[in-house]
Amino acid sequence: MALLPDRSMPAAEQANEAIRALVDATGPNWSDVQAATYEILLIEWAAATRSGPEIIEAA
């Protein structure tokens, strides 16, 4: 899974889609790696929502 797969979408939308895909694929039992990935995606999403349409590298 790419963290931000589609450069044609705004960064916040990309991060949001990646979060949805991770949650849908993971189910209720998360590994340490999946939990860390989720945290990184949340940071990327938060950074992207603050700065507008530019691509943000938060991780």
Side-chain angles (χ1 to χ4, degrees):
M1 172 183 59
L3 293 184
L4 298 177
D6 184 355
R7 297 283 186 206
S8 67
M9 275 192 254
E13 187 176 346
Q14 291 177 52
N16 189 54
E17 290 299 317
I19 289 167
R20 285 178 191 257
L22 177 66
V23 171
D24 289 347
T26 302
N29 300 316
W30 291 49
S31 70
D32 291 342
V33 171
Q34 290 164 322
T37 301
Y38 181 75
E39 290 175 15
I40 291 168
L41 289 169
L42 286 177
I43 291 167
E44 290 181 355
W45 176 84
T49 59
R50 290 188 182 128
S51 66
E54 300 110 35
I55 300 298
I56 300 298
E57 293 184 28

For this session: Measure the CD1-CD distance between I19 and E44 for me, rounded to the nearest 0.5 Å.
Result: 8.5 Å
Which atom pairs, one a donor and one an acceptor, fall under 3.5 Å between side chains of residues 23-32 and the rest of the protein, sequence neighbours left out?
unit_1, atom_1, unit_2, atom_2, d
T26, OG1, L22, O, 2.6
W30, NE1, G27, O, 2.9
S31, OG, V33, N, 3.4
S31, OG, Q34, N, 3.1
S31, OG, Q34, OE1, 3.2

For this session: For E17, enumerate each residue passing the side chain to side chain donor-acceptor pair (under 3.5 Å) test, keeping only those at least two apart in sequence or located in another chain.
Result: none
Seminar exercise, completed: Correct closest heavy-atom pair for A18 and L41 would be CB-CD2, 3.7 Å
